[in-house]
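To start, the structure under review is shown below, and the notes come after it.
When a ligand or atom number is given, it counts from 1 through the structure's own listing order. FYI, the numbering just counts along the sequence from 1. Only a predicted model underlies this, so the values are computations on that prediction, with no experimental measurement involved.
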Amino acid sequence: MQKRKTSMKAGMWMVGALLLTGCADERGDGVLGDGWLLEQDSHAARFEQLESYLGGFSSAMWETGHRYDIVYAAIADGNYALADYHWQKIRSAIRNGYTKRPARQANADALFLDGAWGELASALETAKESAKENENGNGAEVRDAFMVARSACMACHVAEDVPFMNDQKMFRDTDSF
Ligand code: HEC
């Protein structure tokens, strides 16, 4: 009798354990609860989730590429304020990118941000002002600076060992005005 009671108790424990493991397995299979951060056991685990969700350099480049297309079209339209808006955002995107992937910083600064980026930024600044004052614009200077910046994007792709990035529509469509 005593033995049966014990084994019943043990049985209950096993059912409980199985239920718990069942839940854990469900999570392992990718069925997550609603609180994808709050359900984690520690802040460390939460930050890990966030780090992985925020991605690395490629998400920054995805944003950069999208804005680059808009900059090109805006310059072609003579909408220098819009071009300038997106050109500023490109610098932030690249800086955010190398905050996450510091190994990319040296080439990003040397090949792009410290030179070509600034040239186009200041040409756009002047273009915006002259458009406001209805003066003769510096459109040619802006377009030249864009072409130099385009080459700088592509030089970094070669330097960072992703030369295949340069053989895509984005760069073909923007190879002249
Ligand atoms: C650090 C130098 C560097 C600079 C500067 C740079 N890129 Fe990139 N780019 C990369 C690297 C590295 C990748 C591959 C990302 C990865 O795999 O993590 C990439 C990927 C990309 C991608 C693919 C993104 C995706 O995953 O969808 C596009 C589009 C792109 N770059 C456009 C540009 C444009 C446009 C510029 C200039 C405005 C530029 N890049 C400037 C290094 C650079």
Checklist entry - How about Y72 and F171: are their ring centres within less than 6.0 Å of each other? => result no
Checklist entry - How close does the nearest protein non-hydrogen atom get to atom 27 (O) of ligand 1, and which residue and atom is it? => result W62 CD1, 3.6 Å
Checklist entry - Taking just the N, O or S atoms of H157, which one is nearest to atom 8 (Fe) of ligand 1? => result NE2
Next on the checklist: Suppose we measure from atom 36 (C) of ligand 1 to each protein heavy atom; which comes out shortest, and what is that distance?
Outcome noted: C153 SG, 2.8 Å
Item to check | Top protein contact for atom 1 (C) of ligand 1, by heavy-atom distance | outcome: C156 SG, 2.8 Å
Checklist entry - So which of H157, M170, M61, M154 actually passes side chain to side chain contact (heavy atoms under 4.5 Å, CB included) with M165? => result H157
Next on the checklist: Does either side chain, that of Y98 or that of D109, offer a donor lying less than 3.5 Å from an acceptor on the other one?
Outcome noted: yes
Checklist entry - Tell me, which protein residue and heavy-atom name are nearest atom 17 (O) of ligand 1, and how many Å apart are they? => result S58 CB, 4.2 Å
Checklist entry - Out of E63, K169, R67, M165, who gets a non-hydrogen atom closest to atom 22 (C) of ligand 1? => result M165
Checklist outcome for this item: Looking only at protein heavy atoms, what sits closest to atom 13 (C) of ligand 1 is V162 CG2, 3.8 Å
Checklist entry - Parallel under 30°, tilted from 30 to 60°, perpendicular over 60°: which one fits the rings of H66 and W62? => result parallel
Item to check | Distance filter under 4.0 Å to T64 heavy atoms, resulting ligand 1 atoms | outcome: 34 (C), 36 (C), 38 (C)
Checklist entry - Among the heavy atoms of L111, does any lie under 4.0 Å from an atom of ligand 1? => result no
Checklist entry - Between W87 and F112, does the ring centre distance come in under 6.0 Å? => result yes
Checklist entry - When you measure from atom 29 (C) of ligand 1 to every protein heavy atom, which one gives the shortest distance, and what is it? => result M170 CE, 3.7 Å
Checklist entry - For ligand 1, which atoms have a heavy atom of E160 less than 4.0 angstrom away? => result 1 (C), 2 (C), 12 (C)
Checklist outcome for this item: So the atoms of ligand 1 within less than 4.0 Å of a heavy atom of Y68 turn out to be 35 (C), 38 (C)
Next on the checklist: On the six-membered ring of F57, is R104 placed so that its NZ or CZ lies under 6.0 angstrom from the centre and within 45° of the ring axis?
Outcome noted: yes
Item to check | Interfacing atoms of ligand 1 (cut-off 4.0 Å, heavy-atom, F57) | outcome: 1 (C), 10 (C), 11 (C), 18 (O), 42 (C), 43 (C)
Next on the checklist: What protein heavy atom lies closest to atom 19 (C) of ligand 1? Include the residue and the distance to one decimal.
Outcome noted: M61 CG, 3.4 Å
Checklist entry - Above 12 or not: heavy atoms from other molecules or residues under 6.0 Å from CZ of F47? => result no
Checklist entry - Is it true that atom CG of D175 has more than 12 heavy atoms of other residues, nucleotides or ligands lying nearer than 6.0 Å? => result yes
Next on the checklist: Looking at ligand 1, would Y98 count as a contact under a 4.0 Å heavy-atom criterion?
Outcome noted: no
